[in-house]
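All ligand and atom numbering here is 1-based and tracks the order in the structure.
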Amino acid sequence: MKINGKTRVCGLIGKPVEHTMSPVIHNSLSEELGMDLTYVPFLVEEDLKAAVCGAYALNLLGLNITVPYKEEVLNYIGEIDPLAKQIGAVNTLVRKKDGFKGYNTDITGLYRAMQSEGIHLSGESVILLGAGGAARSVACLCSHYHAEKVYLLNRTIEKAEEIAKEINGLTARELVIPMGLTEYEKLPEKKMLCIQASSVGLAPHTEDVIIEDPAFYERIHTGYDLIYRPANTKFMRLVREHGGQAYHGLKMLLYQGIEAYELWNDIQVEDTLCNEIYELMKGEMGIEE
Ligand code: NAP
């Protein structure tokens with residue numbers, strides 16, 4: 001693209017940022033849509049406040065925020081979207097009159113990715129593995145879209161209990177049931193949607209899986225792994241071996257980017273273009289299926 005005096009700038013703030021896929025998503029969208037907008041990663045070593053204030057002063061249109069700043073950045077924004085507020089973390093900042101407004105497109109992107117695969121949450125019983133930042137956001141999403149029950153299994157049960165207490169307090173019902181990782185035998189005897197939101201199986205530890213017992217996988221009709229490196233985790237393989245459908249997290253990454261781009265530009269990106277960008281991302285990652 002040709003940069004000129006009117007070119008708008010968006011960027012990514014995080015540490016590290018070297019391996020990000022976001023420039024592929026946003027610069028390809030700008031190219032395909034003929035938008036005069038460029039996207040640049042910014043490594044922020046420590047002074048997040050100076051980075052966010054500086055970006056606003058430099059007239060940036062928007063930012064993505066990644067690890068480790070998704071919570072800390074709440075201190076430096078003017079406004080926050082209600083769902084992002086409930087989650088307590090933002091990954092997208094949109095320029096407004098008096099400062100940036102924060103959104104969480106990680107989670108709305110996951111919802112859109114699941115919808116694109118025909119996976120719904122309303123009325124579903126969900127097994128949620130892990131109780132870190134990602135799992136907490138998924139639990140909020142399950143509450144927002146009226147899941148029936150969320151069985152939250154984590155190695156450190158106290159963390160699962162904390163999330164359950166918080167979400168159940170907000171929903172005023174026993175939506176989230178906290179359980180230890182070894183307690184899966186107590187799950188109801190039916191097939192369920194399982195969202196794998198732990199970091200077990202992430203490259204380079206690709207042969208690790210959070211629960212080894214094949215009997216566990218008999219309870220899953222659909223397995224959604226938030227991990228996308230690798231694109232075929234052992235969790236996904238075990239789900240498929242037991243007759244379930246399995247998905248990786250690359251579409252979640254795609255749609256968090258699409259939703260951020262839509263917020264920055266106040267547009268809707270057509271499905272065909274989303275699919276084109278997804279193919280580009282798969283190409284970057286060497287995924288063939
Ligand atoms: P996090 O806050 O560090 O949480 C990690 C979770 O994994 C915790 O529940 C932890 O259990 C569990 N865990 C780690 N090692 C374990 C082990 N050896 N055995 C059992 N459990 C273990 O991480 P996060 O930010 O929530 O991210 C979780 C995953 O989601 C990561 O793989 C990340 O790549 C993925 N993610 C994907 C996208 C996407 O766009 N596709 C976006 C965000 C995140 P304890 O509580 O017991 O430590």
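- Interface of Gly130 with ligand 1, defined as ligand atoms under 4.0 Å from a residue heavy atom, comprises 9 (O).
- When Val200, Thr156, Ile211, Ile163 are ranked by how near their heavy atoms come to atom 45 (P) of ligand 1, first place goes to Thr156.
- With atom 46 (O) of ligand 1 as the reference point, the heavy atom nearest to it among Leu128, Leu110, Leu253, Asn154 is part of Asn154.
- Across the listed options Thr233, Leu226, Ile195, Leu226 owns the non-hydrogen atom lying nearest to atom 41 (N) of ligand 1.
- Within the 4.5 Å cutoff, the side chain of Tyr224 has heavy atoms near those of the Leu110 side chain.
- Put simply, the residue from Leu175, Asn168, Ile163 that forms a side-chain contact (heavy atoms from CB on, under 4.5 Å) with Val150 is Leu175.
- Exactly one residue among Trp264, Tyr76, Tyr56 makes a ring pair (Phe, Tyr, Trp, His ring centres under 6.0 Å) with Phe100. That residue is Tyr56.
- Among residues two or more places apart in sequence or in another chain, the side-chain hydrogen bond (donor to acceptor under 3.5 Å, both in side chains) test is passed with Tyr39 by Asn64.
- Taking only nitrogen or oxygen atoms, main chain and side chain alike, Ser199 reaches within less than 3.5 Å of ligand 1.
- Heavy-atom contacts of Ile227 reach the following atoms of ligand 1: 32 (O) (cutoff under 4.0 Å).
- Checked by distance only, ligand 1 and Gly133 come closer than 3.5 Å through their nitrogen or oxygen atoms.
- Protein non-hydrogen atoms do not reach within 4.0 Å of atom 23 (O) of ligand 1.
- Distances from atom 33 (C) of ligand 1 to the protein include no heavy-atom value under 4.0 Å.
- A heavy-atom distance below 4.5 Å is not found between the side chains of His26 and Cys10.
- Residue-ligand proximity, Ala131 to ligand 1, at heavy-atom distances under 4.0 Å covers atoms 9 (O).
- Considering both main-chain and side-chain atoms, Tyr228 never comes within under 3.5 Å of ligand 1 through any nitrogen or oxygen pair.
- Remark: ligand 1 and Ala134 share an N or O pair separated by less than 3.5 Å (distance only, no angle test).
- Ligand 1 has no nitrogen or oxygen under 3.5 angstrom from a nitrogen or oxygen of Leu202.
- Residues Thr105 and Thr92 have side chains that bring a donor and an acceptor to within less than 3.5 angstrom of each other.
- Checked by distance only, ligand 1 and Lys159 come closer than 3.5 Å through their nitrogen or oxygen atoms.
- Considering only heavy atoms from C-beta on, Ile107 comes within 4.5 Å of Val138 through its side chain.
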